[in-house]
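Structure, as structure tokens:
What you are looking at is a predicted structure, and each value in this text was computed from that prediction instead of being measured. Note: hydrogens, waters and symmetry copies are ignored here, and every other heavy atom, side chains too, is used.
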Number of protein chains: 2
Amino acid sequence: MSTAKRQPDPRRAQTREALLQAAEAALRETPIDELSVAEIARQAGVAVTSIYNHFGSKAGLQAALAERAMDVDRQYMDRAYVDRRSPVEQLQSAAAEYLQFYLDYPDYFRLLAFPPEPGRNPAGQELNEQIARRVDEQNARMVKALQQAIDAGLVRKANARELATILWSAWNGMISLGWRADGLRKNEKQLRKMVTLATDIITAGLLKPPG
Amino acid sequence: MSTAKRQPDPRRAQTREALLQAAEAALRETPIDELSVAEIARQAGVAVTSIYNHFGSKAGLQAALAERAMDVDRQYMDRAYVDRRSPVEQLQSAAAEYLQFYLDYPDYFRLLAFPPEPGRNPAGQELNEQIARRVDEQNARMVKALQQAIDAGLVRKANARELATILWSAWNGMISLGWRADGLRKNEKQLRKMVTLATDIITAGLLKPPG
DNA sequence: AAGGCTTTTTGCAAACATTACAAAAAATGC
DNA sequence: GCATTTTTTGTAATGTTTGCAAAAAGCCTT
């Protein structure tokens, strides 16, 4: 293995940070569709190409912002996983908080739940993996809650990790109805109702021993 | 209302059909990413602009093909909703067939489950609504099975339509893990397992009366 | 602290999707 | 057959994305 080490080039962190800050600031003024990569680069004082060097695409840059916002997400989830609550209650509130995160940051949610294909661009792929790790990290908390419930005999025996993935991806599917452009779209109220009911049903199904 | 009627212009159907056929044929040879709208238009013998007149976007054209493919989807679902089966069995096989449809036609599945935004283009919006109607039509069969189960006292009392939406969107969320570009992606085997387990849990939860 | 090597940035050209618009072509209804 | 309307077409312009080569800047060794 040729792991030739080297001190990291400070320029890299610098332009990366300049882009993130410029993009974040610009996005507070202008919706993403009306904001061109040229404009972002101009405000960051770097070349357009640098966006692709660092993030792989315009969506990648946005995703990098979303990844930062996962710190926010962690706060949401902190509210859900409180130890005094029963595991079932924790799942219910995790679902509610996850939905709330979407309602507060719809763009970021979409990028985390349904990341755009990075193509063959290495920077984009790397970023994607990084985001996946963050998501996984969050799901780990759900896994923990489920495992406790299983160990306590409250929930049917099953792989807690798989169960968490089911829960999380099912929520994603439901919440994605919030931005459909057709008649199948659901509004906030409907989403709340749906996610609540679904989580209720699923937890009921978990409590019952397998037939 | 100024509903001035008029005979439909045959040219419209003609170029539409030419585009659909050319696109379908071309897509058998070339993946969508490597197929330009210019090339499709050329093979159809029409102007590029016509694609936008009729379908709103390149994705719209693909979606129109997917809409046609819903006849295929319907056939898959026919296999699931067999009257001799119990409602719960019907749901299980519906889930399995839906997943199979994705496995056989991943591109079409994606367009139906997660339709791209049509923007402000009227043609694209119209197409989107059309697809939504088809999807709704399919879900109606699930609604029917659920309603029967509710009426028979097998399943907790709830709005069958809502339940069907939950089931369908949850499946979408799980199946979407099949094309994630990061470490969270699931392969065919894992998807089967997950969808089966999830449907099992959900139906178990449905059977149990609400606490 | 100088020179060589590597990383990073930059600018440019080209491909592609998309939009807007105006002119051309073709159909309808009378 | 003619006036009106619909549809198609071509073109110019904008924006994202890729590839490439040159320039700039940083690291490392001596």
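- Across the protein-nucleic acid pair, B/R42 atom CZ and C/dA17 atom P stand 14 Å apart, rounded to whole Å.
- Interface remark: the B/R11 side chain does form a donor-acceptor pair with the D/dT6 base, using a distance-only criterion of under 3.5 Å.
- When rounded to the nearest whole Å, the span between NZ of A/K58 and P of C/dC16 equals 21 Å.
- Distances from the side chain of A/R6 to the nucleotides C/dT7, C/dT28, C/dA17 place C/dT7 closest.
- Nucleic acid contact class of B/G60 (heavy atoms, under 4.0 Å, all strands): none.
- Residue A/E39 contributes atom CD, which lies 15 Å from atom P of D/dT14 at whole-angstrom precision.
- Picking from D/dC28, D/dT17, C/dA17 the nucleotide with the shortest atom distance to the side chain of A/Q7 gives D/dC28.
- A sub-4.0 Å separation between OP1 or OP2 of C/dT9 and a side-chain N or O of A/T15 is present.
- Residues B/S57 and B/T49 each lie close to DNA chain C; by heavy-atom proximity, the contact nearer the 5' end of the strand is made by B/S57.
- Backbone-only engagement by A/L35 is indicated by non-hydrogen atom pairs under 4.0 Å involving sugar-phosphate atoms exclusively.
- Among the atoms of the strands shown, none is found under 4.0 Å from any heavy atom of B/G124.
- By the 4.0 Å N-to-carboxylate-O rule, B/R133 lies too far from B/E129 to be salt-bridged with it.
- Not less than 6.0 angstrom separates the ring centroid of B/Y98 from the ring centroid of B/Y102.
- In terms of modelled atom types and a separation under 3.5 Å, the side chain of A/T30 and the main chain of A/L27 share no donor-acceptor contact.
- A donor-acceptor pair is defined here as one N or O able to donate and one able to accept, closer than 3.5 Å; such a pair exists between the side chain of B/R85 and the backbone of B/A80.
- Contact between the side-chain N/O atoms of A/S36 and the OP1/OP2 oxygens of D/dG15 is not found at any separation under 4.0 Å.
- Between the CD atom of A/E34 and the P atom of D/dG15 there is a distance of 11 Å, given to the nearest Å.
- Taking atom OH of A/Y52 as the reference point, atom P of C/dC12 lies 17 Å away to the nearest angstrom.
- One interatomic measurement links the two molecules: CZ of B/F55 to C1' of D/dT8, which rounds to 14 Å at whole-angstrom precision.
- Whole-Å rounding puts the B/N53 CG to C/dA20 P distance at 12 Å.
- Put simply, A/R12 has a side-chain N or O that comes within less than 4.0 Å of OP1 or OP2 on C/dT9.
- Nearer to the 5' terminus of DNA chain D, by closest-nucleotide assignment, is the contact made by A/D33 (compared with the other of A/D33 and A/R120).
- The pair B/E97-B/R141 fails the salt-bridge criterion, with no side-chain N (NZ, NE, NH1 or NH2) lying under 4.0 Å from an Asp/Glu carboxylate O.
- Across the protein-nucleic acid pair, B/E17 atom CD and D/dT7 atom C1' stand 17 Å apart, rounded to whole Å.
- Here A/S50 does not reach the OP1 or OP2 of C/dT8: none of its side-chain N or O atoms lies under 4.0 Å away.
- One finds no side-chain N or O of A/H54 lying less than 4.0 angstrom from the OP1 or OP2 phosphate oxygen of C/dT8.
- With hydrogens and angles disregarded, a donor-acceptor distance shorter than 3.5 Å links the side chain of A/S57 to the backbone of A/G60.
- Ranking D/dT18, D/dT9, C/dT7 by closeness to the A/D9 side chain, first place goes to C/dT7.
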